[in-house]
**Q** 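Okay, handing you the structure first.
Values in this document were obtained by computation on a predicted structure and should not be read as measured data.
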Amino acid sequence: MTDLNEHKKILVTGATGNVGRQLVAMLLEAGITPRALARDPHRAGLPDSVEVVRGDLTDPVSLGAALEGVDSVFLLWPFFTADGAQPVVDAIGKHARQVVYLSASSVRDDREPADNGVWGEVERLIEGAGVRWTFLRAGGFATNALGWAGEIRDTGVVRAPYAGAARSLIHEADIAAVAALALTEDGHDGRRYVLTGPDVVTQAEQVRIVGEAIGRSLRFDEQTPEEAREQMIAAWGDPAFVDQALGHWARITEEPEPVTSTVRELTGRPGRTFRAWASDHADDFRS
């Protein structure tokens, strides 16, 4: 890390989320005080040393103050569509020289951007913004298992489809570690990093591992896809996105998600396993 980083201003969007909080902590540890974007700075819950600035990605006008004097932006686009992303990327491009974007491993370079969903669309916008960029194409987040926390606390039974869906889930700290490198080191411009966890675990195995982490015997009760679809649409509100997710889970019961070594290659240590993630988050599943 160069001395120039001491004066570099980095804006972290999604700073109050799972990846963003880890990234903020890592930048602070590296001697860089990031600027964090938050809709309500008073409730952000970030360290006092962090500069927390009010802003909302759904209101590009609100981003002006947050982007003032910024060199680099960690961008997390947390929406199911790219609607509204263009003015946000335009605003970033007017101020920053670099964007590190948290994309998805489902993006394929042999497809048209429009066929790569919201992540591919946002990648395309960033490529056209005249900034240096790095795309972190992350696989499934281990933190998605927190969606089962209520059921685990209340009944010890998780009802979900596709018990055998085999996933290479990634720990949010590993995503943050790669993001921190891309934001503070040379050599990452124009790179598309596919990031996964170091092992493959089925959904049923995830529940068993969480049970071992919290000292309880848990059970996976497999839903039909039809029942799951109805509940997911009620929760997510986007039938196309739900169908995409269910289709992916159906495929990976036969063809497990791939595992990459990118985290180890970039950080110098193996990626954190799902078992490590479950241990780190055990309290989230306890009554």
Side-chain angles (χ1 to χ4, degrees), residues 14-22 45 76-81 102-106 117-119 138-176 195-197 199-253 256-257 271-287:
T16 60
N18 293 302
V19 176
R21 285 187 184 278
Q22 294 273 357
L76 185 151
W77 185 255
F79 308 111
F80 290 130
T81 76
L102 179 51
S103 186
S105 62
S106 59
V118 55
W119 304 283
F141 289 12
T143 52
N144 289 339
L146 292 175
W148 298 331
E151 293 176 281
I152 288 173
R153 288 193 296 263
D154 293 343
T155 68
V157 178
V158 170
R159 282 187 54 74
Y162 299 112
R167 313 216 59 189
S168 52
L169 300 174
I170 186 166
H171 196 303
E172 64 274 13
D174 286 331
I175 300 173
L195 309 176
T196 74
D199 54 1
V200 172
V201 287
T202 67
Q203 299 214 104
E205 288 170 341
Q206 292 170 48
V207 172
R208 175 180 57 78
I209 290 169
V210 169
E212 293 170 357
I214 65 176
R216 289 180 62 190
S217 178
L218 306 179
R219 179 164 59 88
F220 190 100
D221 186 8
E222 188 168 24
Q223 286 180 306
T224 65
E226 294 75 21
E227 179 187 358
R229 183 177 189 273
E230 183 177 347
Q231 293 181 359
M232 291 166 69
I233 289 174
W236 296 358
D238 188 322
F241 193 84
V242 169
D243 289 340
Q244 181 184 12
L246 288 170
H248 177 67
W249 296 337
R251 286 191 298 275
I252 61 176
T253 59
E257 290 179 336
R272 297 165 174 86
T273 63
F274 184 80
R275 185 174 299 278
W277 179 88
S279 177
D280 288 344
H281 289 270
D283 287 345
D284 295 321
F285 294 97
R286 291 192 174 104
S287 301

**Q** Just verifying a value: how many Å separate D199 CG and R167 CZ, rounded to the nearest 0.5 Å?
**A** 13.0 Å

**Q** Main chain of E151, side chain of R159: is a donor-acceptor contact present, judged purely on distance under 3.5 Å?
**A**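 Checking the backbone N and O of E151 against the side chain of R159, no donor-acceptor pair under 3.5 Å is found.
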
**Q** Nearest 0.5 Å, what's the CG-CZ distance between D174 and F141?
**A** 11.5 Å

**Q** Which heavy atom of F274 sits nearest to which heavy atom of I209, and what is that distance?
**A** CD2-CG2, 3.9 Å

**Q** Could you tell me the separation between the CD1 atom of I175 and the CZ atom of R272, rounded to the nearest 0.5 Å?
**A** 11.0 Å

**Q** Pick from T273, N18, T143, D280: which one makes a side-chain hydrogen bond (donor to acceptor under 3.5 Å, both in side chains) with H171?
**A**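 By the side-chain hydrogen bond (donor to acceptor under 3.5 Å, both in side chains) criterion, H171 pairs with just one of T273, N18, T143, D280: D280.
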
**Q** Is the CD atom of E227 crowded by more than 12 outside heavy atoms at less than 6.0 Å?
**A**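 Yes.
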
**Q** Hey, mind stepping through R208 and L218 against side-chain contact (heavy atoms from CB on, under 4.5 Å) and telling me if it holds?
**A** CA-CA 6 Å; R208 175 180 57 78; L218 306 179; over 6 Å; no

**Q** Start with the C-alpha distance between E172 and W277, add both sets of side-chain angles, then the distance that settles side-chain contact (heavy atoms from CB on, under 4.5 Å), and finish with yes or no.
**A** CA-CA 9 Å; E172 64 274 13; W277 179 88; 3.1 Å; yes

**Q** Look at the side chain of R153 and the backbone N and O of F285, then say whether any donor-acceptor pair between them is shorter than 3.5 Å.
**A**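 Flag not set: sc R153 to bb F285 has no pair under 3.5 Å.
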
**Q** Please examine the side chains of P161 and L246, heavy atoms only from C-beta on, and report whether any two atoms are closer than 4.5 Å.
**A**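 Sidechains of P161 and L246: in contact.
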
**Q** Might you point out which heavy atoms bring A145 and Q206 nearest each other, and give the distance in Å?
**A**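 Of all heavy-atom pairs spanning A145 and Q206, the closest is CB-OE1, 4.3 Å.
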
**Q** If I take atom CD1 from residue I152 and atom CG from residue L146, how far apart are they, to the nearest 0.5 angstrom?
**A** 9.0 Å

**Q** If the plane angle is over 60° it's perpendicular, under 30° parallel, otherwise tilted; pick one for F241 and W119.
**A** tilted

**Q** Using modelled atom types and a 3.5 Å cut-off, is there a donor and acceptor pairing between side-chain atoms of R219 and backbone atoms of V207?
**A**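 Not at all, since once roles are kept as given, no pair shorter than 3.5 Å links the two residues.
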
**Q** Is R275 salt-bridged to E212, cutoff N-O under 4.0 Å?
**A** yes

**Q** Once rounded to the nearest 0.5 Å, what's the spacing between atom CD1 of I252 and atom CD of Q203?
**A**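 Taking CD1 in I252 and CD in Q203, the distance rounds to 7.0 Å.
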
**Q** Is there a side-chain contact between W148 and V210 in this structure, where contact means two heavy atoms from C-beta onward sitting under 4.5 Å apart?
**A** no

**Q** If every non-hydrogen atom of I170 is compared with every non-hydrogen atom of G139, which pair is closest and at what distance?
**A**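 In this case the closest contact between I170 and G139 is CG2-O, 4.1 Å.
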
**Q** Can you give me the closest heavy-atom contact between L102 and A138, atom names plus distance?
**A**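 Here L102 and A138 meet closest at CD1-CB, 3.9 Å.
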
**Q** Could you state the interatomic distance from NE2 (H248) to CG (D243), rounded to the nearest 0.5 Å?
**A** 14.5 Å

**Q** Looking at every non-hydrogen atom in both residues, tell me the closest pair between P256 and V200 and how far apart they are.
**A** CB-CG1, 4.0 Å

**Q** Taking all atoms of both residues into account, what is the closest heavy-atom pair of S279 and A213, and its distance?
**A** N-CB, 4.1 Å

